[in-house]
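Because only heavy atoms are used, hydrogens play no part in the values below, and waters and symmetry mates are left out as well, while side chains stay in. Computed from a prediction, not measured in an experiment: that's the story for all the values here. Within every chain, numbering begins at 1; the chains are lettered A, B, ... in the order of the sequence lines, protein sequences first and strands thereafter.
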Amino acid sequence: MDNTTALPAITRFAPSPTGHLHVGGARTALFCWAFAKGRGGRFLLRIEDTDQKRSSEDAARGILEDLAWLGVHWDEGPGHGKLGGDPRGVGPFHQADRVDVYNAALAELIERGRAYPAFETAEELEAKRKAAQDANQTYRYDRAALDIPEEERLSRMLAGEPHVVRFLAPDHDVVVADSVLGEVRFAAGELDDFVIRKADGFPTYHFAVVVDDEAMGVTHVLRGQEHLQNTPRHVALQQALGYRTPVFAHLPLIFNPDNSKMSKRDKDKAVRAFCIEHKLTAPAWGGIDTATFEAWLRDKRSQLPTDDLRALAEAIGFVPPEIDVEDFRRSGYLPHVLCNYLALLGWNPGEKNDDGTNVERFTMEYLADKFDLPRIGKSASKFDREKLMAFNADEIQNRMTDAAFAEAWRAWLERYDRATLSTLGERLPIAAAAARQRTRILREAAAVVRFALVGEVKFDEKAVEKVLLKNGGEGLAVLRDLAPLIETVEHFEAGAIEAAIQHWCEHKGLGMGKAAQPLRVAVTGGTVSPGLGQTLELLGKASVLARLERCLNVFVVH
RNA sequence: GGCCCCAUCGUCUAGUGGUUUAGGACACCGCCCUUUCACGGCGGCGACACGGGUUCGAAUCCCGUUGGGGUCACCA
């Protein structure tokens, strides 16, 4: 029954380069990668750019970059650093460069009477479609072109009259054998004669996919369940062309918490809602003009260019939900953690840890080793940012070393926050050690050590009152005594600093809190910071003493 | 609307006819630890959508109902 493990497996991920890679695509790619990798097969990448208007080379590069960052590395396909290449000679991997391959297959289909040219314009078809819709009927192409005598059809086509080519749908049921869903039957007549070559000479998705998968030897097609309706078309095409039918596995969809399908539009939706809620009427930053902004605000379905949307969100101080892989990277999720979480959406290894808990944290290697089709779920799953965040936090706080965290943070800062990187300079490792236990995503780390990034402390009134001034300036008195002690700490490092203060407290018969909190307020302005030792070490002795002195000057009533 | 898919705690899930008073994780609540915050430890709350079958026995198999979702382009 389970023919899904047959060797060798060749899988592919075939995005259309119309924007950034979003998490749904990333999960599909991850599964394709894991499946091939786990059984010594090949994972290939193909760019589906047959839509001239929407495709861009920029978007294609962006997707390669996202995939590479995730660690979803392709064996064959477009070059990207060490990735890609064409060892078997099955390329090129951009469909726009393969038009002659499609035309050859198409000629064969026409020859055998399984495809035919049709001359209706898009407008004519749209009118027919609308008429059917208004009559509450399902529209299917009416095969009007078949009324034209075959010879005439072909000669008009050869003469260069504008036309599309349609596939003559089979008159029998088509059964899709899916590894996740089982057998799904589509009745004869459900398929209409869909277009396989557009008027511009490019193949449609259905045709290009089928031809390429055969040419590239693809054995397993893993893709989102939204493709299930397309599959009978592909199977019918494969049968008509005499191709093998690969193993199909349709992956469950990924939803938003509100049960809608996760899509790129969600970011616009969220930002728009924020703007409306705060009654913003102008763009608030110079990137777009007011008219564009208002039009976008009014049309609930419209989208701003990615960069403009991000700039707008930043300007109004709103963080839109992460949707694209790039969004998660920017927020500071670690790539293998994102993969780990994504893998759990619709799949799980079904293994227990020694303590009886489910195995749900794992490495890319483990995933490649364990991933298989029978354990893919059937029902859609909601994307839970809380859980993803918890995974990322656990990785940073409990599994990473200070050094590894410092490196990850440095890389992130280099890409997204150079200002903080240069302010930190040499202190980055110390800051990282102080921030790690309080950081869930890289973006939060700087805030944890903010006190060390500013020149002058801004005092929080409540903190000052409660910790320094209360009980007749009890806190300030402690500070006065503590300053000389700090002065004497030789190696100004967290452990030594804490030991000295602890010793002092014991000597004075005070609880540690009586010393730690005043110090904290004096050097950070507030009551919350990393451990006292780390806080002071990060500041450095000179800065700590200067801040202490200033604090005493500001608050001691002479 | 046609066609198709799905249905276990709020969420992700384990469970493949008896080992189940349904297990884990995230979230939430309480307690403990504690120099703040965070981490951590312990405990708690909490689900088989409904109705019929099949069977000695059903979360697990079948049918129906309800609910959710996908898809209906010269986009992919």
What's the spacing between A:L548 CG and A:L479 CG if we round to 0.5 Å? 6.0 Å
Whole-Å distance separating the [atom1] atom of [X] from the [atom2] atom of [N]:
X	N	atom1	atom2	answer
A:Q133	B:C72	CD	P	12 Å
A:R375	B:C12	CZ	P	17 Å
A:I396	B:G40	CD1	P	13 Å
A:K378	B:U8	NZ	C1'	15 Å
A:I196	B:A73	CD1	P	17 Å

Could you tell me whether the phosphate oxygens of [N], OP1 or OP2, come under 4.0 Å of any side-chain nitrogen or oxygen in [X]?
X	N	value
A:K198	B:C75	yes
A:R185	B:C5	no
A:R436	B:C37	no
A:N398	B:G40	yes
A:T138	B:C3	no
A:N230	B:A76	no

Out of [options], which nucleotide sits closest to the side chain of [X]?
X	options	value
A:E190	B:G2, B:A76, B:U71	B:G2
A:R54	B:A76, B:U35, B:U13	B:A76
A:A122	B:C75, B:U35, B:C74	B:C74
A:R520	B:G70, B:U36, B:C74	B:U36
A:S379	B:A7, B:C4, B:U71	B:A7
A:F255	B:G69, B:A14, B:U36	B:G69
A:T204	B:A76, B:A38, B:C3	B:A76

Give me the atom names and distance for the closest heavy-atom approach of A:L30 to A:C339. CD2-O, 3.3 Å
For [N] and [M], measure between their [atom1] atoms and round to the nearest Å.
N	M	atom1	value
B:G40	B:A25	P	12 Å
B:G23	B:G15	C1'	8 Å
B:C75	B:G67	P	36 Å
B:G24	B:A47	P	14 Å

For [Y] together with [X], are the ring centres under 6.0 Å from each other?
X	Y	value
A:H227	A:Y205	yes
A:W347	A:F371	yes
A:F194	A:Y141	no

My understanding is that a pair needs two contacts under 3.5 Å, Watson-Crick or G-U wobble. By that rule, which nucleotide pairs with [N]?
N	value
B:C31	B:G41
B:C3	B:G70
B:A58	none
B:G51	B:C63

Going by atom types only, do A:H336 and A:T363 share a side-chain donor-acceptor pair under 3.5 Å? no
Does either side chain, that of A:S529 or that of A:R520, offer a donor lying less than 3.5 Å from an acceptor on the other one? yes
With under 30° as parallel and over 60° as perpendicular, where do the rings of A:F383 and A:F328 fit, or are they tilted in between? tilted
Taking syn as a glycosidic torsion within 90° of 0 and anything else as anti, which one is B:C62? anti
Please enumerate all protein N or O atoms sitting under 3.5 Å from an N or O of nucleotides 26-34 of chain B, with distances to 0.1 Å.
| residue | atom | partner | partner atom | Å |
| --- | --- | --- | --- | --- |
| B:C26 | O2' | A:K387 | N | 3.4 |

Taking the six-membered ring of A:F93, is the NZ or CZ of A:R46 close enough (under 6.0 Å from the centre) and on axis enough (within 45°)? no
